[in-house]
Amino acid sequence: MKTIKKGILSFFVLTGLVAGATAFSAAAAEPLKVKSETDLAGDLGILQGEGSGLTAEYLNKSTTRLQAAVMSLRLKGLEADALAYKGMASFQDASRVSQENQAILGYLKDHPSLGWQGTGDDKFEPLAAITAQQYYKVLLESLGYMQGTDFDYAGVIPFAGKNGLSQIADVKTFKNLHIAAATLEALKAPIKGTTKTLGTDLVEKGKISASKLDALAKPALSLKQSSTLGSYLTDDKGMTLYYFSKDVANVNSCVEQCLTNWPIFGAHDFTVPAGFSAADFQIFTRADGKEQVTYKGWPLYYFIKDQKPGDTTGDNVGKVWFVIKPANGGVALGTKAELGNYLTDASGRALYYYDNDTKGVSNCSGKCLEKWPVFANAAIAAPTGVNSADFGTLVRADGSVQTTYKGFPLYYWAGDTKMGDTTGQDVGHVWYVIDPAKFTGTKAANASVKTSKSDALGTYLVDENGMALYLFTKDLADPNSCVGPCLVNWPIFYDENLTVSADLTASDFGVLTRTDGTKQSTYRGWPLYYWIKDHNPGDTTGQNVGKVWFVLDPSKITAR
């Protein structure tokens, strides 16, 4: 029986699907102590959140000018003074925020030496988003440096780097979680001209508890940036950490010479970057008795050929070793002898495709989704060798979003309950895991005409791109009933080399030569049309137009 070392077995939740994380053998002797940078920022009172606190929703919101201004006051020990401000001075757009924040804007207006003079025309634009460059300017000023004297605004990033502030330098969309990362950097940095850190200064001012500040001394995993790999996880010395795709089946897959080349990461007390959840890090005792840290169930390793911080020579070795990207980028690769490489979510849960789906269209709905829940992840940073651009999204009929690979919807299988399960493989001979190197689409995708499904309409005919096909009831009397402007709104469908999916009968399809000489494909004698207002696969806005236009359910259509 496998057991997690850390107190309570963690569970992960994705798109409403709850499943237990992988459990490991033999409880370890020393407890694992992990906190994220956002946890530390919350403990120190530096980051306070809103409503329910430091929720994932709050942490992933763009940071505003007002939030940056409040942080600058907090780091200078002036927040309480600003909140108590009673003066009348303020910016013209101060009414856009709460009364409490209006006091802060008034205080900034009345104290221009603090560097928050607004954006021109006596406006502050409190809700405008900021950049990493702007926030590093705030932090540099909190450390006693002055723009125009010590640095120019254009040189903020390199100047910040020389003074120990670099972790968010490459961030393109600045979010609240980045406040935590950058501010903790600043708390460890010395104030201009001294050896005293900003954190120590705030302790002396009574703004931060000295006991809580001790947590900043813990070793901290960090995110490094590469032009080829993007962001990836390193230890506190900058050495890259990796996962092994074969561990999806057995966490002890790396043994003997493998462990010589890929030493394990076995720390017990460390901090993880903002954006990572401390609960995703666990520790287990290997079969050889050594303790190893895991992230989302994946054991973490070094690579012996990485000689210095920033080296990533282990990435994609044997197509089974990969760097750890933030939240595993939403997807990872698992490897099994009988399946080869296959796509998983960040926690090693297998992802599947449905062979009856067409590109951009899910034909699994209703009770089907109870067994095959959708996979949805907004940001995909795929492992090396898998093109992140091949992932996209589709909007389902109920308005929910589903992630696609090469245009085809991705699903879980309800029968898989833990990392490494692939019990959905070949279910009904239509459900399969995905080897990214081999996947080219479904069988249904190659047909000129196939079926699609929706909860509202059931089964109906679509073309190879998933665009709905329609019949015109007036064609019952005369198959040339739609002419002139009608054909502008209802273009004809014709494929000279028409092929059909396996669930349709080829002999049901024919060709009509219209009175104007053009050809049109038919189904059981009914001419087939598009609707001009359908723009995307899955659109069925032509259904019941004028009570004479309808999609075709092949099980219900009788011969014309």
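Starting from 1, each residue takes its place in the sequence as its number. The basis for the numbers below is simple: all heavy atoms, side chains too, and nothing from hydrogens, waters or symmetry mates.
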Between Asp201 and Lys196, does at least one N-O distance fall below 4.0 Å, as a salt bridge requires?
yes
Is a side-chain N or O of Tyr153 found less than 3.5 angstrom from the main chain of Lys137, in a donor-acceptor match?
no
Distance-only polar pair, side chains of Thr183 and Tyr135, donor-acceptor under 3.5 Å:
yes
Verify the distance criterion only: is there a donor paired with an acceptor across the side chains of Ser253 and Asn250 at less than 3.5 Å?
no
NZ/Lys218: more than 12 non-hydrogen atoms of other groups inside 6.0 Å:
yes
For Tyr405, enumerate each residue passing the side chain to side chain donor-acceptor pair (under 3.5 Å) test, keeping only those at least two apart in sequence or located in another chain.
none
Side chain to side chain contact (heavy atoms under 4.5 Å, CB included) partners of Lys371, counting only residues at least two apart:
Trp413
Can you measure from CD1 (Ile283) to NZ (Lys33) and round to the nearest 0.5 angstrom?
12.5 Å
Tell me whether Glu338 at atom CD has more than 12 heavy atoms from other residues, nucleotides or ligands lying less than 6.0 Å away.
yes
Output all residues satisfying ring pair (Phe, Tyr, Trp, His ring centres under 6.0 Å) with Tyr353, sequence neighbours left out; order by chain, then residue number.
Tyr432, Phe439
Say you draw a straight line from CG of Asp43 to CG of Leu40; how long is it, rounded to the nearest 0.5 Å?
6.0 Å
Sequence neighbours excluded, which residues qualify as side chain to side chain contact (heavy atoms under 4.5 Å, CB included) partners of Thr240?
Tyr232, Thr234, Tyr242, Asp306, Thr312, Val323
Can you tell me if Asp214 and Ser211 form a side-chain donor-acceptor pair at under 3.5 Å?
no
Within the side chain of Glu125, is there an N or O that forms a donor-acceptor pair under 3.5 Å with the backbone of Thr119?
no
In terms of ring plane angle, is the pair Trp116 and Phe124 parallel, tilted or perpendicular, where the classes change at 30° and 60°?
tilted
Gap separating the CZ atom of Phe265 from the CG atom of Asp235, nearest 0.5 angstrom:
6.5 Å
Pairing donors with acceptors under 3.5 angstrom, does anything connect the side chains of Asp421 and Thr423?
no
Results of side chain to side chain contact (heavy atoms under 4.5 Å, CB included) for Gln257 - residues two or more places apart only
Thr260, Asn261
Drop me the distance from Ser166's OG to Gln225's CD, to the nearest 0.5 angstrom.
11.5 Å
Are the aromatic ring centres of Trp262 and Tyr301 under 6.0 angstrom apart?
no
Step through it carefully: locate the ring centre of Tyr352, locate the ring centre of Trp372, and say whether they are under 6.0 Å apart.
yes
Side-chain donor-acceptor distances from residues 169-177 under 3.5 Å, at least two apart:
| unit_1 | atom_1 | unit_2 | atom_2 | d |
| --- | --- | --- | --- | --- |
| Asn176 | OD1 | Thr63 | OG1 | 2.9 |
| Asn176 | OD1 | Gln67 | NE2 | 3.2 |
| Asn176 | ND2 | Tyr58 | O | 2.8 |

Just how far is it from atom OG1 of Thr403 to atom CG of Leu343, taken to the nearest 0.5 Å?
11.0 Å
Atom CD of Glu57: over 12 foreign heavy atoms under 6.0 Å
no
Is the count of non-hydrogen atoms from other residues, nucleotides or ligands lying under 6.0 Å from Lys336 atom NZ greater than 12?
yes
Determine the sole option in Phe276, Phe322, Tyr243 for which the ring pair (Phe, Tyr, Trp, His ring centres under 6.0 Å) test with Tyr295 is passed.
Phe276
Spacing of CD1 belonging to Ile434 relative to CG belonging to Asn341, to within rounding of 0.5 Å:
13.0 Å
